[in-house]
Amino acid sequence: EAWLGQWLPDPGALVGRPLPAQAVWARALTAFVAELVPEKMQRGALPTELIVDHLGALLALCANQLSGENMLPALRQRQLRDLVQEAIVQRCTEYSLGPLEIALALGISTRTLHRTLATCGQTFGGLLMSTRVVLATRMLESPLMARLTISEIGRRAGFADPSHFARVFRRHTGRTPVQMRSGHV
């Protein structure tokens, strides 16, 4: 209950409520939870703390959608989101970068960080991965980086595992890193 309170202003309001199939964040939440099986968790490429943070952020996004509060984020929240995004851009190459490090750097709590991103329809992990993919894309397209292997580019973009890099890259761009480098569609 205490953990839920970090993510939801009123956790009791969601208990027992069905998740509508047409709700985008409800679908994302159920798909994410369905993947949280012991076998996958043991060989997972992400730290447990990051997975727990993703779960909390998805719960907050789902709660926001179910409560009908799909208003545009307030200016202050958008500004804080921009600061979080800039901090991620600056530090995305760190393998173990997590919300705690960014929150500490900005002088805010991780709860505030996640709530701000949720209000803006984003998650920390999604923002981090998309930032790393943008960086990797620039490196793959740069003639100055042509001598580097695909694995090295993934490593320099913050991906510790080459196969994880390839999966995330393809999911974000629709192309493999090799296709991106060679210019194939």
Side-chain angles (χ1 to χ4, degrees), residues 24-25 27-61 78-108 110 113-114 116-118 120-185:
V24 175
W25 290 116
R27 288 196 316 263
L29 175 64
T30 55
F32 184 77
V33 170
E35 294 297 315
L36 297 178
V37 294
E39 300 81 35
K40 291 184 179 180
M41 295 294 291
Q42 289 175 349
R43 60 181 176 180
L46 298 174
T48 303
E49 299 81 28
L50 186 58
I51 293 171
V52 170
D53 286 342
H54 281 312
L55 180 60
L58 283 170
L59 280 168
L61 288 165
R78 288 193 311 266
Q79 289 171 335
L80 183 54
R81 186 257 341 257
D82 292 346
L83 289 174
V84 169
Q85 188 169 4
E86 182 57 35
I88 289 173
V89 167
Q90 292 174 8
R91 298 180 61 183
C92 72
T93 59
E94 299 173 24
Y95 297 133
S96 62
L97 182 64
L100 177 62
E101 290 81 14
I102 297 298
L104 287 173
L106 296 175
I108 60 174
T110 56
L113 181 144
H114 287 300
T116 298
L117 291 177
C120 297
Q122 297 177 302
T123 64
F124 179 83
L127 195 52
L128 176 61
M129 288 301 122
S130 63
T131 302
R132 287 177 174 170
V133 167
V134 167
L135 176 60
T137 300
R138 281 190 297 213
M139 287 192 275
L140 288 166
E141 292 174 337
S142 171
L144 298 173
M145 301 287 179
R147 63 178 175 74
L148 298 178
T149 65
I150 300 287
S151 294
E152 178 62 16
I153 286 177
R155 189 189 67 71
R156 288 186 182 195
F159 293 94
D161 178 42
S163 62
H164 182 243
F165 166 53
R167 282 191 312 275
V168 170
F169 191 88
R170 185 174 195 144
R171 186 173 46 233
H172 280 261
T173 66
R175 300 165 72 181
T176 65
V178 172
Q179 290 170 328
M180 180 65 72
R181 174 171 263 176
S182 64
H184 292 101
V185 176

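- The structure places CD of Glu101 at 7.5 Å from CD of Glu94, a figure rounded to the nearest 0.5 Å.
- Nearest heavy-atom pair, Arg132 versus Ala157, reported as atom, atom and distance to 0.1 Å: CG-O, 3.0 Å.
- The CZ atom of Arg181 sits 9.5 Å away from atom OG of Ser142, with the distance rounded to the nearest 0.5 Å.
- Between Phe159 and Phe165, the ring planes lie tilted relative to each other; the angle falls in the 30° to 60° range.
- Counting heavy atoms from C-beta outward, Arg175 and Arg170 have side chains that stay 4.5 Å or more apart.
- The shortest side-chain heavy-atom distance between Leu127 and Gln85 falls under the 4.5 Å cut-off.
- With values rounded to the nearest 0.5 angstrom, Leu55 atom CG is found 6.5 Å from Leu29 atom CG.
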Would Leu148 and Ile153 satisfy side-chain contact (heavy atoms from CB on, under 4.5 Å), going step by step from the backbone distance to the final call?
CA-CA 6 Å; Leu148 298 178; Ile153 286 177; 4.0 Å; yes
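- Summarising the geometry of Ala103 relative to Leu113, their closest heavy-atom pair is N-CD1, 3.9 Å, with the distance given to 0.1 Å.
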Steps toward side-chain contact (heavy atoms from CB on, under 4.5 Å) verdict (Met139, Leu144)
CA-CA 8 Å; Met139 287 192 275; Leu144 298 173; over 6 Å; no
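- Closest of all the heavy-atom pairs between Leu97 and Phe124 is O-CE2, 4.1 Å.
- Met180 places a side-chain heavy atom less than 4.5 Å from the side chain of Thr137.
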Chi angles and distances behind the side-chain contact (heavy atoms from CB on, under 4.5 Å) call for Phe169, Thr176:
CA-CA 6 Å; Phe169 191 88; Thr176 65; 5.8 Å; no
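- None of Ile108, Leu128, Ile88, Thr110 except one satisfies the side chain to side chain contact (heavy atoms under 4.5 Å, CB included) rule with Ile102; the exception is Ile88.
- Side-chain atoms of Met129 and His164, non-hydrogen and from C-beta on, do get closer than 4.5 Å to each other.
- Looking only at side-chain heavy atoms (C-beta outward), Thr93 and Arg156 stay at 4.5 Å or farther from each other.
- Closest of all the heavy-atom pairs between Leu61 and Ala118 is CD2-O, 2.8 Å.
- Pro162 is not listed as a side-chain neighbour of Ile150, based on a closest heavy-atom distance of 4.5 Å or more.
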Start with the C-alpha distance between Leu83 and Gln79, add both sets of side-chain angles, then the distance that settles side-chain contact (heavy atoms from CB on, under 4.5 Å), and finish with yes or no.
CA-CA 6 Å; Leu83 289 174; Gln79 289 171 335; 5.8 Å; no
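- The line from OG of Ser96 to CZ of Arg91 is 9.0 Å long, rounded to the nearest 0.5 Å.
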